Amino acid sequence: MRVVRLLRLRAALTLLGEVPRRPASRGVPGSRRTQKGSGTRWEEEKREDRVKWRQLEHKGPYFAPPYEPLPNGVCFFYDGKPMRLSVKAEEVATFYGRMLDHEYTTKEVFRKNFFNDWRKEMTAEEREVIKSLDKCDFTEIHRYFVDKAAARRVLTREEKQKLKEEAEKLQQEFGYCILDGHREKIGNFKTEPPGLFRGRGDHPKMGMLKRRVMPEDVVINCSRDSKIPKPPAGHQWKEVRSDNTVMWLAAWTESIQNSIKYVMLNPCSKLKGEKAWQKFETARRLRGFVDEIRSQYRADWKSQEMKTRQRAVALYFIDKLALRAGNEKEDGEAADTVGCCSLRVEHVQLHPEADGCQHVVEFDFPGKDSIRYYNRVPVEKPVYKNLQLFMKNKDPQDDLFDRLTTTSLNKHLHELMDGLTAKVFRTYNASVTLQEQLRALTRAEDSIAAKILSYNRANRAVAILCNHQRATSSTFEKSMQNLQTKIQVKKEQVAEARAELRKARAEHKAQGDGKSGSVLEKKRRLLEKLQEQLAWLSVQATDKEENKQVALSTSKLNYLDPRISIAWYVCLGSQFPPVASGGPGFSRGLCSVPALLLSPVSSGVSAGPPCDRDPDAASCVISSPCPERWDGQGEVGVLTVAWDSASSAGPVELSLPTGSGRWLGALLSGHLGHSRLSLTPR
DNA sequence: AATCTCACTTAGAATCATGAGG
DNA sequence: CCTCATGATTCTAAGTGAGATT
């Protein structure tokens, strides 16, 4: 460990105390809203907020390649007989054929919708013959695509290199735009290719044909005086407009739900990064209001008005259980899923006593993406009594909160705090949970393996709170088994090394010479190394098992303020030694730095958009502009990553031990808008 | 005040790339 | 060196919520 470097850290933290405390609202468009009272200024700034750019130039979307008809040898069979299809019908057939090994093709709704839409693409003659999906044989088509995928995998190094270069060229040409003079990466510059709609859960429209997007469907948004993108030869855009109050570059209406799809910037862009940062600032601001809000809704549990009571109970769930708002959905248009405000009587069960607790509410409902929310929670007595009241004389299909809508709830929240909506509670509670769990689970004296496990467990607590699940992978059991075998082998190696060490010690005692001494030292080091490796492996196994059905990525990407991770790392993690051999998953020599932290946030730091910089050349400086905790309570610095630039007079630099950038990078990777950058020690 | 429209965030699955280990 | 499991990235569906329209 490079202790010397750590001394600079201490000096840096001392300096922090002298940095004037930045008013919470400075420089943040979102938090200017604290100025609510002064009418005109508020209105003015609100309008100003709406302008997203002054200059926007891009090449338009890249269109999905045209359909390539099947080679002659690949045939579709109907009722056992080979049948040549028209190009249009064949294209749609390939959409189904390539999905043959997918569960979707076993679902009745999927099959019915597909067949219905497919027949629309057929010629009259084809329609005359093809009358039942059961008589359709797509197996040759399916095999063709399987073989094609296999062929791609075995390409030579050169061929793969060539493909990669082509993709890169495309990315360079269509993947960037110029926004206010800066080259910014676009998130999705390709139009979605045609295919069969893959709705989640019991989606009534699954299997329907999602038709090809044509230039004639696309609206282009760019500045008037920019180079207007050219539509592909022989085509026209639907419209070219110049609306600088929106972030999208292009849009089209999708054929399944008639909703609009947008081409937008990548999360590492300045605009997206600033919005993400604003989101976290709003969540931090809730810290100052949440106690009051909680006592308010507790009081409202006893309100005379049914509407108020329902709102108060719903808000309690949103706050305590991190439920989503639950907007109303048009039925028949999508899978039947609910959130808090749209809960129905059938989704909750009341138990006067369960699991040794009183007043237990059992939730069981399909949430976003039809992910099941199942939870049994003891609630406060008034909540329980209210639920009984809300459920009285209702059918299972009736709304639990029949006097409540997301609109009315959010309207109420607005009155409690500027910018407060239901989803802010999820962000707030997620980040608070991470912070609290990190504090509760980590000790400075823990081993590195234990610290990493603690970090992951804190992340996991958030994912569980937010109900972020994933399908258990088909290979889980096998890979777990492999890991256990590795652990067993390592254990034996440790035992062996321990015996050898004992032997060497005895030998050294007997001989007492330099040679036996160095042997002893060598053995000691070997044992240490093996023990460390064993510790890593068991952490991996524990982590893997605990993570079987939990998805950490979503919470890390969208809910956890990266500043918490950085603060934790600097307080505890910077003791991590340089990564030479690498722990599991920490082998990459790249650091991911969340772009949102690169935006001009602190006094004296004015960082431009991250893509201005050469990612390979940049080095990273960690600065800490304000001596407060994430939630504004306490002593630990809220840290901001800024860029090392010649002009950076403001930020306090923090040097890290050589190699520790990898740890920080591994820790931060997965946080929103990270861009991969090499972190060089200073 | 219900409903619709639009813009934007959040979500899990599918696919891709990479580096640890054979 | 090659393979293959894994984490990263891409994809696009499915949410939230503001504001316009009826």
Side-chain angles (χ1 to χ4, degrees), chain A residues 46 50 52 99 102-104 149 152-154 157 160 163-164 167 171 187-193 195 197-201 203 205-206 210 221 243 245-248 251 253-254 256-262 264-267 271-272 275-276 279 324-330 333-335 337-342 366-371 405-411 413-414 419-424 426-427 430 463 466-471 473 475-476 478-479 482-483 486 540 544 551-555 557-559 581-582 584-590 592 666 669-670 672 674 676:
Chain A
K46 202 171 146 197
R50 294 184 57 217
K52 307 290 199 305
M99 287 179 73
H102 200 289
E103 205 200 331
Y104 272 122
R152 249 184 87 93
R153 276 195 299 272
V154 297
R157 186 183 299 272
K160 278 184 181 165
L163 284 175
K164 206 174 157 188
Q171 170 74 45
N188 56 325
F189 62 89
K190 295 172 179 169
T191 62
E192 293 171 16
F197 179 69
R198 292 148 102 108
R200 314 260 171 90
H203 201 295
K205 296 191 171 185
M206 63 166 75
K210 195 170 76 163
N221 191 32
D243 180 354
T245 69
V246 295
M247 299 209 274
W248 54 267
T253 300
E254 150 272 348
I256 303 289
Q257 329 242 29
N258 261 305
S259 67
I260 310 167
K261 300 270 187 164
Y262 300 95
M264 290 210 196
L265 295 174
N266 187 282
L271 214 49
K272 288 276 188 182
K275 284 206 84 181
K279 172 183 76 184
R324 295 186 185 83
N327 280 314
E328 247 174 284
K329 321 170 64 175
E330 221 176 319
E333 292 293 302
T337 63
V338 297
C340 185
C341 296
S342 52
K368 182 176 179 181
D369 292 302
S370 295
I371 297 293
T405 64
T406 52
T407 311
S408 68
L409 175 66
N410 282 332
K411 207 178 147 230
L413 293 175
H414 265 298
L420 186 61
T421 63
K423 85 189 193 58
V424 178
R426 256 167 97 80
T427 314
C466 294
N467 200 39
H468 292 144
Q469 299 187 27
R470 60 172 183 178
S473 86
T475 54
F476 179 85
K478 203 182 134 231
S479 65
N482 289 346
L483 191 54
K486 264 192 191 168
Q540 253 185 304
K544 200 184 175 88
L552 301 187
S553 54
T554 303
S555 52
L557 188 66
N558 298 305
Y559 291 102
S581 58
F586 293 89
S587 52
R588 286 179 202 181
L590 291 164
S592 304
S669 81
L672 182 85
H674 65 279
R676 298 166 117 237

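Bear in mind the structure is a predicted one, so any value in this text is a computation, not a measurement. Within every chain, numbering begins at 1; the chains are lettered A, B, ... in the order of the sequence lines, protein sequences first and strands thereafter. For the numbers below, each heavy atom of this structure counts, side chains included, while hydrogens, waters and symmetry mates do not.
- At the phosphate of C:dA18, neither OP1 nor OP2 sits under 4.0 Å from any side-chain N or O atom of A:K411.
- An OP1 or OP2 oxygen of C:dT12 is reached within less than 4.0 angstrom by no side-chain nitrogen or oxygen of A:Y262.
- Minimum atom distance to the side chain of A:K423 is reached by B:dT9, of the listed C:dT12, B:dC16, B:dT9.
- Classification of the A:Y262-A:W248 ring pair by plane angle, with boundaries at 30° and 60°, yields tilted.
- Between the CG atom of A:D243 and the P atom of B:dC8 there is a distance of 9 Å, rounded to whole Å.
- Look at A:K164 and you won't find any side-chain N or O under 4.0 angstrom from OP1 or OP2 of B:dA17.
- Comparing atom distances between the A:F197 side chain and each of B:dG12, B:dC6, C:dA13 picks out C:dA13 as nearest.
- Going from atom CG of A:L409 over to atom P of C:dT16 covers 11 Å, rounded to whole Å.
- Looking at every heavy atom in both residues, A:A422 comes nearest to A:N410 through N-OD1, 2.9 Å.
- Side-chain N/O atoms of A:H414 include one lying less than 4.0 angstrom from OP1 or OP2 on C:dA18.
- Of the residues near DNA chain B, A:M264 and A:E328, the one whose nearest nucleotide (by heavy atom distance) lies more toward the 5' end is A:E328.
- Between A:Q540 and C:dT6 there is no side-chain polar atom (N or O) within less than 4.0 angstrom of OP1 or OP2.
- Listed for the A:T475 side chain is no donor-acceptor partner under 3.5 Å among the backbone atoms of A:K478.
- Taking the nucleotide of DNA chain C with the nearest heavy atom to each of A:N188 and A:V424, the more 5' of the two is matched to A:N188.
- For the OP1/OP2 pair of B:dA11 and a distance below 4.0 Å, the side-chain nitrogens and oxygens of A:R426 include at least one atom meeting the criterion.
- Between A:K478 and C:dA5 there is a side-chain N or O to OP1 or OP2 distance below 4.0 Å.
- Distance NZ (A:K210) to P (C:dC11): 11 Å, rounded to an integer number of Å.
- The interatomic distance linking A:I260 (CD1) with C:dG17 (P) rounds to 19 Å, in whole Å.
- Looking at every heavy atom in both residues, A:N266 comes nearest to A:K272 through O-CG, 3.6 Å.
- Closest of all the heavy-atom pairs between A:N221 and A:D243 is OD1-N, 2.7 Å.
- Residue contacts for A:G187: at a heavy-atom cut-off of 4.0 Å it reaches no nucleic acid atom on any strand shown.
- With rounding to whole Å, A:K52 atom NZ is found 12 Å from B:dC6 atom C1'.
- Distances shorter than 4.0 Å separate none of the side-chain N or O atoms of A:K368 from OP1 or OP2 on C:dA13.
- In this structure, A:K160 places its NZ atom where more than 12 heavy-atom neighbours from other residues, nucleotides or ligands lie under 6.0 Å away.
- Heavy-atom contacts from other residues, nucleotides or ligands closer than 6.0 Å to CD of A:E328 number 12 or fewer.
- In this model, the phosphate group of C:dG17 is approached by a side-chain N or O of A:T421 to a distance below 4.0 Å at OP1 or OP2.
- One atom, CZ of A:F476, and another, P of C:dA5, lie 15 Å apart when rounded to the nearest Å.
- Phosphate contact (OP1/OP2 of C:dA13, side-chain N/O of A:H203, threshold under 4.0 Å): absent.
- DNA chain B is contacted by both A:R198 and A:H468; A:H468 maps to the nucleotide lying nearer its 5′ end (nearest heavy atom per residue).
- When rounded to the nearest whole Å, the span between CE of A:M99 and P of B:dA14 equals 9 Å.
- Contact between the side-chain N/O atoms of A:T337 and the OP1/OP2 oxygens of C:dG15 is found at a separation under 4.0 Å.
- Contact annotation: A:S553 does not reach the phosphate of C:dG7 (side-chain N/O to OP1 or OP2, under 4.0 Å).
- Between A:N327 and the phosphate of C:dT16, there is a side-chain N or O to OP1/OP2 separation shorter than 4.0 Å.
- Residue contacts shown for A:K205 are absent, as no nucleic acid heavy atom lies under 4.0 Å away.
- A:I256 comes within contact range of no nucleotide atom at all, as no heavy-atom separation falls under 4.0 Å.
- Counting any heavy atom pair closer than 4.0 Å across all strands shown, A:E254 reaches no nucleic acid atom.
- Considering only side-chain N and O atoms, A:H102 lies under 4.0 angstrom from the phosphate OP1 or OP2 of B:dA14.
- As judged by a 4.0 angstrom heavy-atom cut-off over every strand, A:A335 is placed among residues making no nucleic acid contact.
- A:G367 comes within 4.0 angstrom of sugar-phosphate atoms only, judged by non-hydrogen atoms across all strands, and of no base.
- Within the 4.0 angstrom heavy-atom criterion, no nucleotide atom of any strand lies near A:A334.
- Following rounding to the nearest Å, A:L483 (CG) and C:dC4 (P) show an atom-to-atom distance of 19 Å.
- At a threshold of 4.0 angstrom between heavy atoms, the contacts of A:P366 with the nucleic acid are absent.
- Using a 4.0 Å heavy-atom cutoff across all strands shown, A:T245 reaches sugar-phosphate atoms only and no base atom.
- A:K279 contributes no side-chain N or O that forms a donor-acceptor pair with the base of B:dT9 under 3.5 Å.
- Backbone-only contact: A:R324 has heavy atoms under 4.0 Å from sugar-phosphate atoms and none from a base.
- Of the possible donor and acceptor atoms, none in the side chain of A:D369 sits under 3.5 Å from a partner among the backbone N and O of A:R200.
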